[in-house]
Amino acid sequence: MELNETQLDAMKELGNIGASHAATSLSTMLMSEIEMTVPEARIVDIADISEYFGDEISALVVFEIQGELHPGGYVVLHLPKKSAIRLTNTMLGSTDMDREFNEMDESALLEVGNIMVSQFLDATATLLGIVMLPSPPAIAIDMAHAAFANVVSMVAVDINQIILFRTELKSKMHDIESTIVMLPDEGTLEQILKILEDLVKSPQ
Amino acid sequence: MTDKPPATKGVNVGIGEYHIGQSLMTSIGLGSCVALILHDNKHSMGAVAHIMLPESNGKKERPGKFADTAIPTLYAELLKQGSNKRDITAKIAGGSSMFKQFKGNLDIGGRNVEAIKKALEEYRIPLVAEDVGGNVGRSITYDPAKKGIISVRRADGTCIDI
């Protein structure tokens, strides 16, 4: 799988639109400003995945992309454990940092993920003129690379390189770091690129 | 997500890769993936594969990636390096179901473990130890010089030797 510069740029722009909508919803939920990095698009060999995700215990909320593209791939919201606890503390009105994850945290994170990823996919799909919806979420609290590899094994049956789109979203006020990662299925990526190409070509 | 971790001693076997030799080997970030270790105690030599999926369906370019291609490949390579069939034993670690919402066909970890056990039986390689299943991620370290002992570090902070 190879993407040229133009295609990577187009995908970054798409990721940018999705991530800004996700950032806005996070900003509303936390009532704080959210800083967003420039989206990154990267081709990663499956053998090197552990180099991009460390072994820090993290919360990974995972959604399958459903709708017109099938199979669509996955969108993952990743928060290191401390950030995840700060986030749910902010939402649930607690200040106890020194605690383990409980069911309340999990359901709060599922809900935050749901809101952010729905916004992400909706903005992306609107631009493309197609329907993309998140599946019900799944969550793991574990070493980030192990949990992410678990998601990768669901898309990388026939391929050995994956394309990762990632954007970091940070709240300075609450000291929360999060990352949204889109992992499109190979077929989905091709379709998205085709739509983007047609969009650029068509007279405005 | 972090930058490259500091270089550790030994060879890290990434997803879908395998390594054979007498030096220290590691495999980090095992979620639904399974580390398969074939150890030859007589020659203090062994092989590690970081298996991602149960079936190759005929794909041959990365034999370490699939249970049904990793076992014959590692076994044949060890025999080529001078191992005797009777000296080779197997250990496995990993294969968890990290997302409790993924069930059935999506429980790749459980399917990996099942496929590996089946293939080991076919090749009559004794499985002498395992730390599989559950819902935690793992990382392993294998030193062929130390009688095939595998240290398993689990995401919950516990470490065990198998």
M31(A) atom CE: more than 12 heavy-atom contacts under 6.0 Å: no

Working for side-chain contact (heavy atoms from CB on, under 4.5 Å), residues V157(A) and L53(B): CA-CA 7 Å; V157(A) 179; L53(B) 292 162; 4.0 Å; yes

Portion of E106(A) that has a non-hydrogen atom of chain B nearer than 4.5 angstrom: side chain

Contact class of D48(A) relative to chain B, heavy atoms under 4.5 angstrom: neither

Members of residues 62-91 of chain B whose heavy atoms come closer than 4.5 Å to chain A: R62(B), K65(B), F66(B)

I28(B) vs M143(A), side-chain contact (heavy atoms from CB on, under 4.5 Å): CA-CA, chis, key distance, verdict: CA-CA 10 Å; I28(B) 60 173; M143(A) 302 191 283; over 6 Å; no

I49(A) portion near chain B, given a 4.5 angstrom heavy-atom threshold: side chain

Summary of ring-ring contact (aromatic ring centres under 6.0 Å, His included) pairs that have at least one residue in residues 10-58 of chain B, sequence neighbours excluded: H39(B)-Y142(B)

Proximity breakdown for D45(A) and chain B, heavy-atom pairs closer than 4.5 Å: side chain

Interchain contact, I46(A) with chain B, by part (heavy-atom threshold 4.5 Å): both

Within 6.0 angstrom of K81(A) NZ, more than 12 heavy atoms from elsewhere: yes

CZ (R99(A)) with more than 12 external heavy atoms under 6.0 Å: yes

Proximity of residues 132-141 of chain B to chain A, residues having a non-hydrogen atom under 4.5 angstrom: N135(B), V136(B), G137(B), R138(B), S139(B)

Nearest atoms (heavy-atom pairs only) where M98(B) meets A147(A): SD-CA, 3.5 Å

For I57(A) against A155(B), the heavy-atom pair lying closest together: CD1-O, 3.2 Å

Spacing of CG belonging to N160(A) relative to CD1 belonging to I15(B), to within rounding of 0.5 Å: 11.0 Å

Inter-residue atom distance I51(B).CD1 - S153(A).OG, 0.5 Å rounding: 13.0 Å

Heavy atoms of other groups near R86(A) CZ, more than 12 under 6.0 Å: yes

Chain A contact via E55(B) - which portion, at a heavy-atom distance below 4.5 Å: neither

Of all pairs that satisfy ring-ring contact (aromatic ring centres under 6.0 Å, His included), the ones with a partner from residues 81-129 of chain A, not counting sequence neighbours: none

Interchain contact, P136(A) with chain B, by part (heavy-atom threshold 4.5 Å): neither

Taking every non-hydrogen atom, the tightest pair across V62(A) and F99(B): CG2-CE2, 3.3 Å

E61(B) atom CD, neighbour heavy-atom count above 12 within 6.0 Å: yes

D158(A) side, atom CG; N57(B) side, atom CG - distance, nearest 0.5 Å: 8.0 Å

side-chain contact (heavy atoms from CB on, under 4.5 Å) assessment of V152(A) paired with M52(B): CA-CA 9 Å; V152(A) 170; M52(B) 182 183 209; 3.5 Å; yes

